[in-house]
Amino acid sequence: MPPAVEVRDVTKRLGGRVAVDRVSFAVEPGSFFALLGPSGCGKTTTLRMIAGFETPDAGEVRLGGERVDGLPPYRRDLNLVFQDYALFPHMSVAENVAFGLEMQGVVGAERTRRTGEALDLVRMGAYAARRPHELSGGQRQRVALARALARRPPVLLLDEPMGALDLALRKDMQAELKGLQRRLGTTFVHVTHDQEEALALADRVAVMDGGCVAQIGAPAELWNAPATAFVARFLGGANVLSAVATSADSVRAAGIEWRADRPHGRATGAAAALVVRPESLALRADEAGPFTVGDAAFAGATIRVSMLGPDGAVLAACV
C-alpha cells in the first residue's frame, strides 16, 4: 500500500528566501504524523503545499501514490483544519458543517444525516443551532473538526488547531484528538510548535529546522537518540556540552569524565557533543564538585536548577 502522504525532495522559496529546502517524508495510512519546529522553520509552508495552497518550486507531493502537486486544493482528497477554525459567523454550527458537504455535492437527507453524525462524533450535536460567537474556543475547534470529518477525507491536515486554547483546554483537546484519530483510522498530519503536544499525539514526528527536516522518528527515538544538537535542545531543553572523546565509551566535558552506556564511535581526542537531559541529573552537596548552583525556578512538579561549571559551561537539572 502506498503512503497516504508523500513529500519528495520539495523546495519552496518565499520572498527571496528558501522557506522549505529539499524536504522528504512519507506518512503511512491511518497514522498520526506531526511536523514540529519553531516559528519560521517551514512546517506550515510544507502543510500548505500538501493542501495545494502553495506550489512547490521543485519536488513532488503525492497522495495515495498519485502525484498531486499540479492539482488545485479542491481536487485533492483531503481536508484542512485551520488555526483560526475559519467558521462562517453568519451560519449556525450545523450550517457550517453542512457547507462542506454541499460543496461536495451531498444534498437532502444524506447531507442532514452526515452533518448530525459528524457533530455527534465531536460531541457538539446539542449545539447545532448556535452561531460560532456563542461557542468557546474548544467548541469552535470541535465544529471545525466536524466540518472536515463530515466529508470523510482519507487525510486530514491540521495547522496548529490548538494554538489559541489555554493550557488546560489544550490538554483535554489533545486527548480527544488522539482518541478521535484512533477511532476513525483517518491519516492525520499535524503542524505544531509545541514539543509536548507532538510527542503525546504523533506516531512519528518530523522535526524541522531552517526549512529542512533535522530528524524523523517515533517520539521515544527522538527523545532518547537526537540526531543533532538542535533536536536535543528543542525537545525538552537538553544540556548540550562541547566534549572531547577520551576512550571508546567516554568523553570529557565541563571538567568531568562522562561514561556512556554504549560506544560513541569517536576516536580518542576527537571533538564531540554531549547531550544530558536535565531530568537525568541528580544533585549532591560536595565541596569538591566543579559546579556551583545558580538560579532555581519552580516548575510545578519539578524545580529547574541552573549550575555553572569552572569553564563557563552551564547545566540545567530538574529535581
Side-chain angles (χ1 to χ4, degrees), residues 4-5 25 27-39 41 43-44 46-47 50-51 78-87 93 97 118-125 127 132 135-150 153-208 215-224 226 231 234-237 277 279 299-302 318:
V5 178
F25 58 82
V27 183
E28 293 305 308
S31 67
F32 200 127
F33 187 87
L35 288 167
L36 171 67
S39 297
C41 72
K43 58 188 185 296
T44 294
T46 301
L47 193 79
I50 297 171
L78 50 72
N79 229 331
L80 173 64
V81 177
F82 295 94
Q83 184 174 0
D84 62 359
Y85 313 136
L87 300 176
V93 165
V97 175
L119 287 174
D120 288 342
L121 190 65
V122 298
R123 297 184 296 153
M124 288 296 292
Y127 299 84
L135 305 176
S136 68
Q139 289 169 336
R140 288 195 294 271
Q141 186 203 50
R142 288 191 181 97
V143 175
L145 279 170
R147 183 175 61 185
L149 293 170
V155 176
L156 185 63
L157 310 179
L158 302 108
D159 185 11
E160 304 219 37
M162 289 174 275
L165 304 182
D166 62 63
L167 180 60
L169 183 55
R170 193 159 67 243
K171 296 288 187 184
D172 290 342
M173 289 305 302
Q174 286 173 12
E176 289 197 20
L177 190 63
K178 182 61 176 177
L180 187 64
Q181 189 269 335
R182 283 177 172 165
R183 290 199 305 276
L184 295 174
T186 304
T187 304
F188 279 25
V189 180
H190 179 76
V191 160
T192 182
H193 64 271
D194 187 321
Q195 301 94 321
E196 186 176 336
E197 181 174 291
L199 297 178
L201 290 176
D203 302 310
R204 293 176 70 240
V205 179
V207 182
M208 294 190 66
Q215 188 175 358
I216 299 177
E221 177 187 348
L222 299 179
W223 186 269
N224 294 319
V231 174
F234 192 72
L235 293 180
R277 293 283 176 197
E279 64 274 12
T302 62
C318 290

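All figures in this text were calculated on a predicted structure; none of them were measured in a lab.
Residues forming a salt bridge (Lys or Arg N to Asp or Glu O under 4.0 Å) with Asp194 (at least two apart in sequence, or on another chain): Arg170. Residues passing the ring pair (Phe, Tyr, Trp, His ring centres under 6.0 Å) test with Phe32 are Phe188, His190, sequence neighbours excluded. Arg182 meets the salt bridge (Lys or Arg N to Asp or Glu O under 4.0 Å) test with no other residue; sequence neighbours excluded. In this view, Asp203 and Lys178 satisfy the salt bridge (Lys or Arg N to Asp or Glu O under 4.0 Å) rule, not counting sequence neighbours. In terms of the side chain to side chain contact (heavy atoms under 4.5 Å, CB included) criterion, residue partners of Pro154 (sequence neighbours excluded) are, by chain and number, Asp77.
Although no hydrogens or angles enter the test, the distance criterion places a donor-acceptor pair under 3.5 Å between the side chain of Gln141 and the main chain of Pro161. No donor-acceptor distance shorter than 3.5 angstrom exists from the side chain of Gln174 to the backbone of Leu201, with no hydrogens or angles considered. With hydrogens and angles ignored, the 3.5 Å screen pairs a side-chain donor or acceptor of Lys43 with a backbone N or O of Gly37. Judged by distance alone, the side chain of Thr187 and the main-chain N or O of Gly30 form a donor-acceptor pair under 3.5 Å.
Between Leu78 and Ala51 the shortest heavy-atom distance is CD1-CA, 4.2 Å. Considering every non-hydrogen atom in both Gly125 and Asp120, the closest pair reads CA-OD1, 3.7 Å. Shortest non-hydrogen contact noted between Ala202 and Phe33 is CB-C, 4.4 Å. Between Ala148 and Pro153, the closest heavy-atom pair is O-CD, 3.3 Å. Contact record, Pro219 with Val205: CG-CG2, 4.3 Å, taken as the closest heavy-atom pair. Looking at every heavy atom in both residues, Val97 comes nearest to Ala118 through CG1-CB, 4.2 Å.
The neighbour count for Glu196 CD, taken as heavy atoms of other residues, nucleotides or ligands under 6.0 Å away, does not exceed 12.
Taking CZ of Phe82 as the start and OG1 of Thr44 as the end, the distance is 11.5 Å to the nearest 0.5 Å. Put simply, NE2 on His193 and CG on Leu35 are 14.5 Å apart, with the number rounded to the nearest 0.5 Å. Put simply, OG1 on Thr46 and CG on Leu157 are 11.5 Å apart, with the number rounded to the nearest 0.5 Å. Between atom CG of residue Leu156 and atom CG of residue Leu80 there is a gap of 8.0 Å, rounded to the nearest 0.5 Å. With rounding to the nearest 0.5 angstrom, the CG atom of Leu184 is 6.0 Å from the CG atom of Leu149. The structure places CG of Leu235 at 6.0 Å from CG of Leu36, a figure rounded to the nearest 0.5 Å.
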Trace of the side-chain contact (heavy atoms from CB on, under 4.5 Å) decision for Asn79 with Arg147: CA-CA 9 Å; Asn79 229 331; Arg147 183 175 61 185; over 6 Å; no

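Using a 4.5 Å heavy-atom threshold, the side chains of Leu158 and Leu145 count as touching.
Evaluation of the salt bridge (Lys or Arg N to Asp or Glu O under 4.0 Å) test over residues 135-146, restricted to residues two or more places apart or in two chains, returns Arg142-Glu176.
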